[in-house]
There are 2 protein chains.
Amino acid sequence: MKIVDVAAKAGVSPTTVSRVLNGSSLVKSRTRNKVMQAIEELGYYPNAAAKNLRSQRTWKIGVIVMDINVSYYAEIIKGIENTAYAKGYKVLICDAQNNREKERDFLGLLMDRTIDGLILVTPQMSDPEIADLADKGYDIGIIGRYIDHERVACAYTDNIEFSERAVSHLIENGHTHIAFLSGFAEAVDSYERLEGYIRALKKHNIPFRPELIENGNFDETLGYEAVMRLFAKKVPFTAVYAANDEMALGVYKACKELGIRIPSQLALVGVDNNRIGKYIVPTLSTVEQPKYAMGARLTENLIGWMTQKQFPERRDLKIASELIIRESSGGTGSDG
Amino acid sequence: MKIVDVAAKAGVSPTTVSRVLNGSSLVKSRTRNKVMQAIEELGYYPNAAAKNLRSQRTWKIGVIVMDINVSYYAEIIKGIENTAYAKGYKVLICDAQNNREKERDFLGLLMDRTIDGLILVTPQMSDPEIADLADKGYDIGIIGRYIDHERVACAYTDNIEFSERAVSHLIENGHTHIAFLSGFAEAVDSYERLEGYIRALKKHNIPFRPELIENGNFDETLGYEAVMRLFAKKVPFTAVYAANDEMALGVYKACKELGIRIPSQLALVGVDNNRIGKYIVPTLSTVEQPKYAMGARLTENLIGWMTQKQFPERRDLKIASELIIRESSGGTGSDG
DNA sequence: ATGAAAGCGCTAACAG
DNA sequence: CTGTTAGCGCTTTCAT
């Protein structure tokens, strides 16, 4: 069933059918009706490949996420999706499942022009790799970090700033021996959050103790193991700043096993505002990133670039985050 | 940069380049090397639209999920993804965001041949609608329910059976007044779980009390409101079977507000094995569906159909589920 | 083992 | 307002 069949049935040319399909205003309404009816009767549906090939557009954008399981991404996707949808784009989500190879594989969708633009929500891919794609003329945006390339749209929060804020909060509650649970080394998030941690210590004249740093790879189980290593070292600490909530959950597990009370014996702050943090006892203090807004504004920007070759806002959007103080660091947990 | 450019540079015909690209064995290795080098130097990447148009295949399958936020879907997607990937297919995920219109919109990807096959993980779409697509020759699979159509692959668990098991568990713990929190009416899950509930009562000669049924639309907040309505009725009940964990979370909230203790004053069982159930206090009894297996086996089946026009296994896969007894219904919660 | 030619289904440019 | 023509970039006969 193709466009010529419809044209034949309706007694018009393929062009006219195409015009009707694409909502051109210069078709007589009687003609339009004939065509519509033929489409209806034949059950015709236009072929995307032919369309894309001819028009060199797909009206689709792709989103590569590192792991669809991580709730952090879901809200971002909604922001992307709704904005894109309003502008006539479909959003295709690709789950890289923490797998670098798969992640790179999905890049093919952009290069083979299955999609018009791509949004990366993955901390793993290297800056040069991304810059290289942009140099080749592909339209790219990235959420969660800054890329220094004039054609790459970014939306991110200030890791250093909110980490400093989170750790300062612990310090102001009287803690001086604060451990830091880091994520994997390749992620900017890891070292920027570490830097924020260090700055907070500096600001309050607290010495930096490298033995209080452990890596938990942003993972619950590895976070558990990391904090167990800390306890094993016998260096005293009364608080933990975990670079994400997953690792903070690992801290809960460790404390439960060791009979350590949160927050009276150990205060805890995470990052991401994972939903579980509101349900666990005691509730988890954390940093909320405006995920929906990041997705939405970045998408606005990217689509602006794709269509006008200019960004409606500045291409790098630094977005404010919020420290949520719940019970695990001595708050009341009254936010739900 | 197209295939003729590569051909020119390598001093061969476009056909030969195409053959190299597609791994044809009948190309002399010296020729292959020339071509590969030209591809490399030119940074050529094949255009998907042209390819798809010519070959009438995309090597992609789509997955429409009702809401990507719901963790229930994430594992299913992993099962789909890994199986598809192993067979050379890319998986594109579409988030319908609980929106019927968007959901239907994504169907367009199948009809316009952007994807070769589609997996539905959405309880909302009606049976006839799905059957209709299959009748038109599209390749479709569905997870979570049974569709009576010889060309539709399905994978699902037995709602009636596991609900009967869950409610029997409550009855065996001494409960006779058990409330049921239902999901939205369009979903088979809702009434099948209700039927299992009724069967369990029948089997144990406990009268069915319609006033103990309330609808919470599979949603936490609405589940909370539903159980509040139950309390307001002043009909006594000592246990709740919630048709999913989200609504069960609403029950926790209601109990917290009203000072009702779980499980001593109210026993609770949900469905889905949401991750939160392991962290909340008391831990939540629930029904685990083998999500990964459902996704994987269905995909295996669908791809088999797409390529051989036959199902490797029977087209309707009924998959066993498991009742997980944790603290909320009197268990020890020792599973984590 | 390689190439020439045809065509997948659509839309854009141009003509009328 | 409508039609004719050409071509998007690739793969697939068929021929050599």
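Just the heavy atoms: all of them, side chains too, but no hydrogens, waters or symmetry mates, feed the values below. Every chain is numbered from 1, with letters handed out A, B, ... down the list of sequences. Quantities reported herein were computed from a predicted structural model and do not represent experimental measurements.
- Ion pairing between A:Asp189 and A:Arg145 fails under the 4.0 Å rule for side-chain N and carboxylate O.
- Close approach of DNA chain C to chain B, defined as any atom under 4.0 Å from a non-hydrogen atom of the protein, starts and stops at C:dA1 to C:dG9.
- A salt bridge is defined here as a Lys NZ or Arg NE, NH1 or NH2 lying under 4.0 Å from an Asp or Glu carboxylate O, and A:Arg104 with A:Glu129 meets this definition.
- Using a cutoff of 4.0 Å between basic side-chain nitrogens and carboxylate oxygens, A:Arg151 and A:Asp135 are not scored as salt-bridged.
- Counted within 6.0 Å of CE on A:Met36, heavy atoms from surrounding residues, nucleotides or ligands total 12 or fewer; the atom is thus considered open.
- Distances shorter than 4.0 Å separate none of the side-chain N or O atoms of A:Ser13 from OP1 or OP2 on D:dT4.
- Using a 4.0 Å cut-off between a side-chain N of Lys or Arg and a carboxylate O of Asp or Glu, A:Arg315 and A:Glu150 do not qualify as a salt bridge.
- Within the 4.5 Å cutoff, the side chain of A:Val65 has no heavy atoms near those of the A:Ile76 side chain.
- A:Glu103 and A:Asn98 are not linked by any side-chain donor-acceptor pair at a separation below 3.5 angstrom, with hydrogens and angles left out of the test.
- The only option from B:Asp116, B:Asn52, B:Thr114 that meets the side-chain hydrogen bond (donor to acceptor under 3.5 Å, both in side chains) definition with B:Thr58 turns out to be B:Asp116.
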Item to check | Summary of protein contacts for nucleotides 7-16 of chain D, nucleotide by nucleotide, where a base hit scores B, a sugar-phosphate-only hit scores S (4.0 Å, heavy atoms) | outcome: BBBBBB----

